[in-house]
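The next block holds one structure in the form of structure tokens; read it before the comments.
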Amino acid sequence: MEKRIQRINAVRITIERRKLARDKKSIQKIFEVLEKCQIPCECMAINIDWLAIVVREAERGKISGFAANLEQELKQTEVYINGDIIMLYIENAQMTSRRIGMIVSSLAIQDVDIIMQRYIRCEDRLVLGVSADTADRAGEIIAEIMDSDLYLSV
């Protein structure tokens with residue numbers, strides 16, 4: 001299978017609520033509302049007081065309904081749309097911890113902020129979320145790393 005980097009336009013939604021990460025029922029309710037609104041989640045990150053979810057751009061029209069439903073289901077919850085991001089899917093690259101580290105550290109060294117990341121081992125897929133204005137540069141950096149002798153010799 002050929003290695004490749006796929007770009008997908010996405011939107012980041014942040015859900016804020018005091019001590020959200022410690023409230024198992026609230027987290028469950030968020031995903032129930034996502035399911036009810038038929039919004040698939042691409043990636044997520046959690047902190048003690050917030051949960052960030054990335055959804056594909058194609059789902060943007062459903063976000064306001066999701067926000068309204070969630071605020072109704074979970075009182076004292078704020079939902080924000082944090083803007084457009086690009087999800088870079090790196091597929092079929094025989095990922096190892098070292099390779100992932102090389103990619104992530106190279107992006108950081110070259111001032112590309114990674115908004116979100118996840119590795120799906122069973123699909124050999126690394127997913128990185130970056131801002132739309134740095135996506136082209138991030139793709140070039142990743143492609144250079146993947147094509148380098150150092151990357152291939154690992």
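Heavy atoms only: backbone and side chains are in, while hydrogens, waters and symmetry mates are out.
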Rounded to the nearest 0.5 Å, what separation is found between the [atom1] atom of [X] and the [atom2] atom of [Y]?
X	Y	atom1	atom2	value
Asp49	Arg22	CG	CZ	9.0 Å
Leu126	Gln117	CG	CD	6.5 Å
Glu57	Ile86	CD	CD1	9.0 Å

Could you pull out all donor-acceptor pairs under 3.5 Å where a side-chain atom in residues 100-108 meets a protein atom, sequence neighbours excluded?
{"residue": "Ser105", "atom": "OG", "partner": "Gly101", "partner atom": "O", "Å": "2.7"}
{"residue": "Ser105", "atom": "OG", "partner": "Met102", "partner atom": "O", "Å": "3.3"}
{"residue": "Ser106", "atom": "OG", "partner": "Met102", "partner atom": "O", "Å": "2.8"}

- Reference residue Ile85; test side-chain contact (heavy atoms from CB on, under 4.5 Å); the match among Ile115, Asn9, Val130, Leu128: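 Testing Ile85 for a side-chain contact (heavy atoms from CB on, under 4.5 Å) against Ile115, Asn9, Val130, Leu128 leaves exactly one candidate, Ile115.
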- Item | Residues that, via side-chain heavy atoms closer than 4.5 angstrom, fall in one hydrophobic cluster with Met44 |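 Hydrophobic cluster check, Met44: joined to Val11, Ile13, Ile15, Leu20, Ile27, Ile30, Phe31, Val33, Leu34, Ile39, Ile46, Leu51, Ile53, Val55, Ile63, Phe66, Leu70, Leu74, Val79, Ile81.
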- Task: Decide yes or no on salt bridge (Lys or Arg N to Asp or Glu O under 4.0 Å) for Arg56 and Glu59, but give the supporting numbers first.
- Result: CA-CA 6 Å; Arg56 291 178 184 238; Glu59 305 299 329; over 6 Å; no
- Query: Where is the tightest heavy-atom contact between Leu88 and Ala135, given as atom of each residue plus distance?
  - Reply: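 So the minimum-distance heavy-atom pair works out to CD1-O, 4.4 Å.
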- Please report the shortest heavy-atom distance between Met116 and Ala45, naming the atom on each side.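 Heavy atoms only, the tightest pair is CE-N, 3.0 Å.
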Only counting residues at least two apart or in another chain, list the ones meeting salt bridge (Lys or Arg N to Asp or Glu O under 4.0 Å) with [X].
X	result
Arg7	Asp136
Glu16	none
Asp23	Arg17

- Message: Test: salt bridge (charged side-chain N to carboxylate O under 4.0 Å, His left out). Region: residues 77-87. Which pairs qualify, not counting sequence neighbours?
- Response: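 Listed by first then second residue: Arg60-Asp84.
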- Message: Suppose the criterion is salt bridge (charged side-chain N to carboxylate O under 4.0 Å, His left out): which pairs have a residue in residues 28-38, not counting sequence neighbours?
- Response: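 For residues 28-38: Lys29-Glu32, Lys29-Glu73.
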With sequence neighbours left out, what residues match [X] under side-chain hydrogen bond (donor to acceptor under 3.5 Å, both in side chains)?
X	result
Tyr80	none
Asn82	Thr14
Asp133	Ser131

- Message: What I'd like to find out is whether the side chain of Lys62 reaches to under 4.5 Å of the side chain of Gln38, using heavy atoms alone.
- Response: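 Side chain of Lys62 against side chain of Gln38, heavy atoms only: contact under 4.5 Å found.
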- Message: Counting only heavy atoms from other residues, nucleotides and ligands, does the tally under 6.0 Å from CZ of Arg137 exceed 12?
- Response: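 Yes, because the 6.0 Å sphere around CZ of Arg137 holds more than 12 heavy atoms from other groups.
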- Message: More than 12 heavy atoms of other residues, nucleotides or ligands under 6.0 Å from CG of Asp113: yes or no?
- Response: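 Open: at most 12 neighbouring heavy atoms sit under 6.0 Å from CG of Asp113.
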- Message: Would Val127 and Glu42 count as a side chain to side chain contact (heavy atoms under 4.5 Å, CB included) here? Give the steps.
- Response: CA-CA 9 Å; Val127 183; Glu42 289 296 315; over 6 Å; no
- Taking only residues two or more places apart in sequence or in another chain, which ones pass side chain to side chain contact (heavy atoms under 4.5 Å, CB included) with Ile109?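 With neighbours one apart ignored, the set is empty.
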- Taking only residues two or more places apart in sequence, or in another chain, which ones meet Asn47 in a side chain to side chain contact (heavy atoms under 4.5 Å, CB included)?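 Trp50.
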